[in-house]
K.L.:
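To start, I am sharing the structure in question, which I have written as structure tokens.
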Amino acid sequence: MTDAATAAPALSFEGVTHGYDDGAPIVRDLSLALAPGEVVCLLGPSGCGKTTTLRLAAGLERPWSGRIALDGVAMVDGDGGPGGLFVPPERRRVGFLFQDFALFPHLTVLDNVLFGLKGRPRKAARARARAVLADVGMADLARAWPHQLSGGQQQRVALARALAPEPALLLLDEPFSGLDTGLRRTVREQTLRVLQDTRVAALMVTHDPEEAMFMADRIALMQAGRVVQIDSPMQMHHRPRSPFAVRFFSEVNEVTGVVRGGGVDTPLGFFDAPDLPEGVSARVLARPEALIPTLSGETAFGARVVSVRPLGHETILLLGLSRPGAPEAEELPLIARVTGQPRCAPGDIVALQIEDSECFVFPDDGG
Ligand SMILES: Nc1ncnc2c1ncn2[C@@H]1O[C@H](COP(=O)(O)OP(=O)(O)OP(=O)(O)O)[C@@H](O)[C@H]1O
């Protein structure tokens, strides 16, 4: 067995519930465990409780109930009452990286990193600060002031400062959202490399599915205070467990039908549904890339091209699926995403083929 399989989790939440003031709970009975060195992204819509979860791990909030442990050592246990265990933030070995970096403007890069190393012998602290600045590729700028640095460089210094005290866990809250698109990609890659090199476990909040897919060993998808699915990015993509998990990652086409003969017949064709009982209503979610339009192909479905939106290496097609004899106003609107630039134009009729591996069938329970 590997170390990761035998060691205590770097962070664990067991049945943690928390809210603010007397309001409804924001985090609900949440359980989650990060293996040593693992990067987990908390992903979910605005207000679902991601930042609250991070603040609970940091000790900035005391939960109403549940247990939180770092490296197997309890930090919080109990119902939040005076008798329960609660280790304050400064006594948890946790580093933070938040979106506005907040470097101290009156301290040099080196002194910013040294700030987190107070209490260590001076010489050892300087050696550690220089080593961690080298890890993030900022050794040459140790004497610079924050205002002399680009946004990406400032972010790397903030990362060095967070990692300098050798935290057991790094907490990142939307750390790249203040950066513009090109820089964000570069800083994201550098940050991931540093996390992998230092093997620190990290819990990162993001609302950007692409960022979570890129950064995470596992994605914890949150909805209304609960983790509704936790899986690797690939599992999340190939085996979404709910309509919510499909919809959160992209726009989707949705059609419904009733299960008959082991499958469901819909306007987009017949889909196998071996796990659903006969006679129940089912909902099929087809990602835009599941719809493959061709100008000449043989298919049961003809769709009218409503608009063509080139995105560079991909094109989004808005289509209208007609039923024989039905007026245009009753067309079913569909969205397709194709690689490159198709040769069709608005008004063309295209034949649609459906790629089943990008379609998912769920019971239609209104969710
Ligand atoms: N200090 C607070 N006092 C009262 N309510 C709060 C406080 N902090 C957060 N909330 C509420 O808790 C809910 C969840 O907030 P939280 O910041 O955890 O969500 P989030 O998923 O991180 O959202 P976002 O992506 O918008 O940052 C929101 O409705 C928010 O208004």
Side-chain angles (χ1 to χ4, degrees), residues 11-34 39-68 70 75-76 79-81 86 88-90 92 94-102 151 155 158 162 169-181 184 187-188 191 201-216 218-231 233 236 240-251 367:
L11 168 71
S12 62
F13 277 60
E14 287 168 37
V16 173
T17 293
H18 185 60
Y20 297 99
D21 309 319
D22 295 330
I26 299 294
V27 166
R28 296 158 187 259
D29 193 22
L30 187 135
S31 296
L32 177 72
L34 270 67
V39 177
V40 170
C41 284
L42 290 175
L43 176 69
S46 184
C48 71
K50 305 180 295 293
T51 296
T52 302
T53 303
L54 218 61
R55 290 175 62 81
L56 287 162
L60 298 170
E61 299 290 338
R62 185 171 184 162
W64 289 350
S65 59
R67 184 174 189 276
I68 300 173
L70 288 175
M75 298 286 119
V76 175
D79 62 3
F86 180 74
E90 63 279 9
R92 299 184 184 193
V94 167
F96 303 91
L97 190 60
F98 292 162
Q99 68 171 269
D100 50 6
F101 330 135
Q155 209 268 6
L169 174 72
L170 188 64
L171 300 173
L172 305 97
D173 194 354
E174 304 267 7
F176 314 117
S177 59
L179 306 172
D180 60 37
T181 315
R184 192 182 314 161
V187 175
R188 211 153 70 176
T191 303
L203 185 61
M204 180 174 123
V205 163
T206 179
H207 63 269
D208 177 353
E210 191 190 304
E211 186 160 289
M213 293 292 280
F214 179 81
M215 294 288 292
R218 284 187 303 156
I219 295 172
L221 183 65
M222 287 187 72
Q223 182 182 24
R226 299 180 197 279
V227 172
V228 291
Q229 183 168 356
I230 178 160
D231 267 321
M236 198 65 94
R241 281 209 229 121
S242 61
F244 174 76
V246 185
R247 292 182 193 125
F248 194 77
F249 284 83
S250 76
E251 285 184 88

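As the structure lists them, so they are numbered: ligands from 1, and atoms in each ligand from 1. By convention here, the first residue in the shown sequence is residue 1.
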K.L.:
Quick check: closest heavy atoms across V16 and P63, and the distance to 0.1 Å?
P.N.:
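Smallest interatomic distance, heavy atoms only, reads CG1-CB, 3.8 Å.
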
K.L.:
For the residue pair F244 and F248, categorise the inter-ring angle as parallel (less than 30°), tilted (30 to 60°) or perpendicular (more than 60°).
P.N.:
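Because their plane-to-plane angle lies in the 30° to 60° range, the rings of F244 and F248 count as tilted.
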
K.L.:
Any non-hydrogen protein atom below 4.0 Å of atom 31 (O) of ligand 1?
P.N.:
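For atom 31 (O) of ligand 1 the answer is no, since every protein heavy atom stays at 4.0 Å or beyond.
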
K.L.:
Taking all non-hydrogen atoms of both residues into account, name the closest pair between R241 and I230 and its distance.
P.N.:
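The pair with the smallest heavy-atom distance is NH2-O, 4.4 Å.
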
K.L.:
If you have a sec, work out which protein heavy atom is nearest atom 27 (O) of ligand 1 and how many Å separate them, to one decimal?
P.N.:
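I find the closest protein heavy atom is T51 OG1, 3.9 Å.
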
K.L.:
Is any N or O atom of C48, backbone or side chain, closer than 3.5 Å to an N or O atom of ligand 1?
P.N.:
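Yes, there is a polar N/O contact under 3.5 Å.
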
K.L.:
Closest heavy-atom contact between I26 and G49?
P.N.:
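Nearest heavy atoms, I26 then G49: CG2-CA, 3.9 Å.
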
K.L.:
Check L203 against L54 and note the closest heavy-atom contact, atom names and distance.
P.N.:
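The pair with the smallest heavy-atom distance is O-CD1, 3.6 Å.
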
K.L.:
Side chain, backbone, both or neither: which part of K50 has a heavy atom under 4.0 Å from ligand 1?
P.N.:
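Both parts.
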
K.L.:
For atom 19 (O) of ligand 1, which protein heavy atom lies nearest, and how many Å away is it?
P.N.:
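Here the nearest protein heavy atom works out to G49 N, 3.3 Å.
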
K.L.:
Going by the atom numbers of ligand 1, which of them fall below 4.0 Å from some non-hydrogen atom of P45?
P.N.:
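Here the atoms of ligand 1 in question are 21 (O).
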
K.L.:
State whether any protein heavy atom lies less than 4.0 Å from atom 2 (C) of ligand 1.
P.N.:
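Under 4.0 Å from atom 2 (C) of ligand 1, at least one protein heavy atom found.
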
K.L.:
To check your reading of the model: name the closest protein heavy atom to atom 26 (O) of ligand 1, its residue, and the distance in Å.
P.N.:
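Looking at atom 26 (O) of ligand 1, the protein heavy atom closest to it is S46 OG, 2.6 Å.
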
K.L.:
Give a yes or no on this: more than 12 heavy atoms of other residues, nucleotides or ligands lie within 6.0 Å of atom CD of E90.
P.N.:
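Yes - once you tally the heavy atoms of other residues, nucleotides and ligands closer than 6.0 Å, there are more than 12.
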
K.L.:
Looking only at heavy atoms, what is the nearest atom pair of H207 and L43, with distance?
P.N.:
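What the structure gives for the nearest pair is C-CD1, 3.7 Å.
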
K.L.:
Closest heavy-atom contact between T191 and M215?
P.N.:
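So the minimum-distance heavy-atom pair works out to CG2-CE, 4.4 Å.
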
K.L.:
So which heavy atom in the protein is nearest atom 9 (C) of ligand 1, and how far is it from that ligand atom?
P.N.:
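Minimum-distance protein heavy atom for atom 9 (C) of ligand 1 reads Y20 CE1, 3.3 Å.
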
K.L.:
To the nearest 0.1 Å, how far is atom 23 (O) of ligand 1 from its closest protein heavy atom, and which atom is that?
P.N.:
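Checking every protein heavy atom, the shortest distance to atom 23 (O) of ligand 1 gives G47 N, 2.8 Å.
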
K.L.:
Which of the atoms in ligand 1, numbered in the order shown and given with their element, are less than 4.0 Å from a heavy-atom of I26?
P.N.:
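Those qualifying, in numeric order: 12 (O), 13 (C), 14 (C).
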
K.L.:
Closest non-hydrogen protein atom to atom 18 (O) of ligand 1, residue and atom name please, with distance?
P.N.:
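For atom 18 (O) of ligand 1, the nearest protein heavy atom is T52 OG1, 2.5 Å.
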
